[in-house]
Amino acid sequence: MTQSELNDLIVEFFPELKEKFDEEMAWWDIEEPGSHNIYGNVFNPFAIDEILIDPKRIFDFIEFVLEKDDDYATDVMIVTVLEFLTDVLRFRKDLIKFAGKRSKDALDRLLDFFGRT
């Protein structure tokens, strides 16, 4: 999966982020931003609020991407998205029940690594 394809998934799954996504892309002008930037600047601020409202929606998306078995996409989901969400999830462990198997496995490793159990 290319970074462009991964970036485009945000708007495909979360159309309400189109304006923010377009603003971020315009900021980069002609340079293609990496997915770590796009997910960190566009998706994460949304996800940190949305996971408290509709955790299944957020985890379904993360699991969908992880199921692609793409190294780049997996890296973005774990390093940029799930690691960011651990700050909420260590206090709201009840939300983890909405995570799929791959997301749960990654979260367990992250929470253990950062001592956020």
Side-chain angles (χ1 to χ4, degrees):
M1 176 175 291
T2 66
Q3 63 186 20
S4 180
E5 292 169 331
L6 184 56
N7 292 348
D8 289 344
L9 286 178
I10 291 175
V11 175
E12 182 180 330
F13 279 80
F14 303 96
E16 64 267 47
L17 292 177
K18 181 166 179 25
E19 184 178 336
K20 178 79 171 156
F21 178 84
D22 289 345
E23 288 172 7
E24 183 72 16
M25 294 300 283
W27 186 88
W28 285 89
D29 196 26
I30 60 171
E31 185 179 351
E32 176 75 25
S35 296
H36 289 282
N37 296 96
I38 295 300
Y39 278 80
N41 295 337
V42 176
F43 185 72
N44 282 354
F46 167 79
I48 200 78
D49 292 329
E50 187 69 12
I51 201 163
L52 298 172
I53 298 165
D54 192 354
K56 185 174 181 341
R57 184 177 185 214
I58 296 300
F59 280 122
D60 283 353
F61 174 70
I62 294 167
E63 195 71 15
F64 172 81
V65 176
L66 291 175
E67 288 175 348
K68 298 289 185 193
D69 281 328
D70 180 90
D71 289 341
Y72 181 68
T74 296
D75 184 58
V76 171
M77 288 301 109
I78 293 173
V79 174
T80 299
V81 177
L82 286 172
E83 193 280 326
F84 179 78
L85 293 175
T86 60
D87 285 336
V88 168
L89 296 172
R90 71 181 170 142
F91 296 108
R92 291 292 311 272
K93 288 185 174 40
D94 60 303
L95 299 176
I96 296 173
K97 69 184 174 197
F98 295 99
K101 181 184 179 343
R102 292 173 191 239
S103 301
K104 280 182 187 172
D105 290 345
L107 280 169
D108 286 344
R109 290 191 312 272
L110 283 167
L111 290 167
D112 185 52
F113 178 78
F114 289 111
R116 296 178 182 166
T117 56

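One-based numbering along the sequence shown. The analysis underlying the following values was restricted to heavy atoms, covering all of them including side chains, and did not include hydrogens, waters or symmetry mates.
Closest heavy-atom contact between T86 and L107: CG2-CD2, 4.0 Å. The two residues I48 and I51 make their nearest non-hydrogen contact at O-CG2, 3.7 Å. Summarising the geometry of M1 relative to E5, their closest heavy-atom pair is CA-OE1, 3.3 Å, with the distance given to 0.1 Å. The two residues P15 and R57 make their nearest non-hydrogen contact at CD-NH2, 4.4 Å. The two atoms that bring L6 and A73 nearest to each other are CD2-CA, 3.7 Å, heavy atoms only. Nearest approach of A99 to K104, heavy atoms of both residues: O-CE, 3.0 Å.
Rounded to the nearest 0.5 angstrom, N37 CG and N7 CG are separated by 9.0 Å. Between M25 atom CE and K20 atom NZ the span is 13.5 Å, to the nearest 0.5 Å. The CG atom of L89 sits 8.0 Å away from the CG atom of L82 when rounded to the nearest 0.5 Å. Atom CG of N44 is separated from atom OH of Y39 by 10.0 Å, given to the nearest 0.5 angstrom. With rounding to the nearest 0.5 Å, the separation of CD in E23 from CG in L17 is 11.0 Å.
Remark: D71 CG is loosely packed, at most 12 non-hydrogen atoms of other residues, nucleotides or ligands lying under 6.0 Å away.
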Name the atoms and distances for all side-chain donor-acceptor pairs under 3.5 Å in residues 74-81, with sequence neighbours left out.
from, atom 1, to, atom 2, distance (Å)
T74, OG1, D70, O, 2.9
D75, OD2, H36, NE2, 3.0
T80, OG1, H36, ND1, 2.4

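A donor and an acceptor atom, one from each side chain of E63 and S103, are located under 3.5 Å apart. Looking only at atom types and distance, the side chain of E24 has a donor-acceptor partner in the side chain of W28 under 3.5 Å away.
Between D105 and R109, none of the side-chain N atoms (NZ, or NE/NH1/NH2) sits under 4.0 Å from a carboxylate O, so this pair counts as no salt bridge. Salt bridge E67/R102: absent, no basic N to carboxylate O contact under 4.0 Å.
Looking at I58 and L85, their side chains come closer than 4.5 Å, going by heavy atoms from C-beta outward.
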Task: Full working for side chain to side chain contact (heavy atoms under 4.5 Å, CB included) between D54 and F98 - done: CA-CA 9 Å; D54 192 354; F98 295 99; over 6 Å; no

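Counting only residues at least two apart or on different chains, the ring pair (Phe, Tyr, Trp, His ring centres under 6.0 Å) pairs with a member in residues 46-74 are F13-F61, F13-F64, F14-F46, F14-F61, F43-F61.
Counting only distance, with no hydrogens or angles, the side chain of K93 and the backbone of R90 share a donor-acceptor pair below 3.5 Å.
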